[in-house]
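Chain letters run A, B, ... following the sequence lines, proteins first, then strands; residues in each count from 1. All values reported here derive from a predicted model rather than from experimental measurement.
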Protein chains: 2
Amino acid sequence: MARPTVYDSSLRQRLLETTAELVAKEGPDRVALRDIAAAVGTSTTAVYSLFGGKPQLLTAILDDAFRSFGDSQRAAAPDGLRGLGLAYRRWALEHPAFYALMFSGPLGTRMPCEPTPEIAAASIVPLYEAVGAALAAAGSDDPVEPSVAAIWGQVHGLVSLELSGLGLPGIDWEAAYETALNRIERSYAV
Amino acid sequence: MARPTVYDSSLRQRLLETTAELVAKEGPDRVALRDIAAAVGTSTTAVYSLFGGKPQLLTAILDDAFRSFGDSQRAAAPDGLRGLGLAYRRWALEHPAFYALMFSGPLGTRMPCEPTPEIAAASIVPLYEAVGAALAAAGSDDPVEPSVAAIWGQVHGLVSLELSGLGLPGIDWEAAYETALNRIERSYAV
DNA sequence: CAGTATTCCATAACATTGTTTTGCAACGTC
DNA sequence: GACGTTGCAAAACAATGTTATGGAATACTG
């Protein structure tokens, strides 16, 4: 042993929080490691020592985001498919930068920061179970995956278009979302 | 007049083609202006002289992509909603990097390269018209926008999830897409 | 035809990043 | 109290978008 360590879990936590804040404010590519380090009162070396580099730091942020998203989904699970859909949009609108980072895919961002697969997969388990329950209640023995994908794609697509600010200017996204949820309920519930 | 100009429309065209090629291969953030300039045998000054900078160059690429996408949609218009949906996915899978650039939104990429609004809007006119026709044929006088958004969201979401490589490992995306298209046809056609 | 001025472009300089290396500083041990 | 070891901050490095500079090629003028 030589000198007392400063790169400990407390600093790691503060780095995560500050980075999440900055990323939420202006996106992952606009935040510089120097800014993060300065905001926390350390140097960029801390990021390399504690995480390995910027991609790994963003991966940690990404995993936290998926966990938060998964929590939100689990909390809404008792309210059925519609509850899951409403919670989905609410979470995405509250965390637009995270949502973009989570679902932009490898070509969307330059940083190779894919989430831990298990954490990402766990976040959609509630939807999986709700669709399975709905199919079972309807007496259908269709496979679950295509329906899960179709429903997930529906809500993800609408939220994604809303966040992208693209096309259909002046549209009432909430009304469009209601339309889509109604269509889903009509197709699957009962 | 002094010396013959080299930064002409021909060079501009070659820059566009080379950039599109490189962007398609590895995404917009990984291509350096120096590489583009070297590939066409000029210097980075050409990009600044002909376009204004990297964002403007990417905007030009983006507009080209929306035009190509719009052409594909117009060509599929006679085949109805299902034809539009199939053409949508086909184009996206053939041009994944462009698709990501087109719909990643301001937070998804660092470059401020939003497309020209009219060009982007024109690309979904065929869908707009098909939905309007379907609603009219069904004798419905519901507003068109929410349905357009819902359907666009459905196909965009599925394609986007497929391209992101996220979640549902080993799923048959084509089957999921068929499921979604069936659901759309059942809801709107006739 | 020679000189000059003007226009244009490639090269080099600059600023900002992520990353790696270096050197100093702090603590335990002898 | 000196030394060696460990750890971190600051400086060096590399890549990239952007801007400034210098030289070169051509048309005009005498």
Side-chain angles (χ1 to χ4, degrees), chain A residues 1-16 18-20 22-23 25-62 97 101 106 108-114, chain B residues 1-16 18-23 25-62 97 101 106-114:
Chain A
M1 303 299 176
R3 62 188 272 187
T5 178
V6 171
Y7 291 177
D8 57 359
S9 61
S10 146
L11 178 66
R12 181 189 158 94
Q13 194 56 34
R14 269 185 301 149
L15 276 173
L16 281 175
T18 301
T19 305
L22 291 176
V23 166
K25 201 185 304 173
E26 34 193 347
D29 290 319
R30 287 203 146 78
V31 300
L33 285 189
R34 284 167 174 79
D35 296 340
I36 297 171
V40 179
T42 180
S43 70
T44 60
T45 314
V47 172
Y48 289 87
S49 178
L50 287 170
F51 294 92
K54 189 173 183 183
Q56 289 83 356
L57 173 60
L58 287 182
T59 297
I61 299 288
L62 204 48
L101 190 58
T109 182
R110 68 154 41 145
M111 288 287 155
C113 62
E114 293 181 14
Chain B
M1 303 298 174
R3 61 187 270 189
T5 178
V6 170
Y7 292 176
D8 57 358
S9 61
S10 144
L11 179 65
R12 183 188 157 94
Q13 194 56 33
R14 268 184 303 148
L15 276 174
L16 282 175
T18 301
T19 305
E21 209 171 301
L22 291 176
V23 166
K25 202 186 303 175
E26 34 193 347
D29 291 319
R30 287 203 146 78
V31 300
L33 285 189
R34 284 169 173 77
D35 296 341
I36 298 171
V40 306
T42 179
S43 70
T44 60
T45 314
V47 172
Y48 289 87
S49 178
L50 287 170
F51 294 92
K54 188 174 181 181
Q56 289 82 358
L57 174 60
L58 286 183
T59 297
I61 298 289
L62 204 47
L101 190 59
L107 281 169
T109 182
R110 70 157 36 147
M111 288 286 155
C113 61
E114 293 180 16

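- Relative to the side chain of Tyr7(B), the nucleotides dC9(C), dT19(C), dG17(D) differ in distance, and dC9(C) lies closest.
- Annotation: side chain of Leu57(B) is in contact with side chain of Ile36(B) (closest heavy-atom distance under 4.5 Å).
- At dT21(C), none of the side-chain N or O atoms of Tyr48(A) fall inside 4.0 Å of OP1 or OP2 (strictly under the cut-off).
- Contact check for Leu15(A) versus Arg12(A): no side-chain heavy atoms found under the 4.5 Å cut-off.
- Nucleotide dT17(C) holds its P atom 11 Å from the CZ atom of Arg30(A), rounded to whole Å.
- No side-chain heavy atom of Thr59(B) sits under 4.5 Å from any side-chain heavy atom of Phe51(B).
- Remark: the Thr45(A) side chain and the dA10(D) base include a donor-acceptor N/O pair separated by less than 3.5 Å.
- Place Arg34(B) and Leu33(A) on DNA chain C by their nearest nucleotides, and Arg34(B) ends up nearer the 5' end.
- Contact record, Lys54(B) with Asp29(B): NZ-O, 4.3 Å, taken as the closest heavy-atom pair.
- Taking atom CG on Leu58(B) and atom C1' on dT18(D), their separation rounds to 15 Å, with Å as the unit.
- Within the nucleic acid shown, Val47(A) has no heavy atom closer than 4.0 Å to any nucleic acid atom.
- dT16(C) atom C1' lies 14 Å from atom CG of Asp29(A), rounded to whole Å.
- Remark: Thr42(A) is in phosphate contact with dA9(D), judged by side-chain N or O atoms under 4.0 Å from OP1 or OP2.
- Summary of helix geometry: the two end axes of the helix from dC1(C)-dG30(D) to dC30(C)-dG1(D), each defined by five base pairs via their C1' atoms, are inclined to each other by 40° (rounded to 10°).
- Of the candidates dT11(C), dT18(D), dG18(C), the closest approach to any side-chain atom of Ser43(B) belongs to dT11(C).
- No side-chain heavy atom of Pro28(B) sits less than 4.5 Å from a side-chain heavy atom of Leu22(B).
- Not a single donor-acceptor pair under 3.5 Å links the side chain of Ser49(A) to the backbone N or O of Thr45(A).
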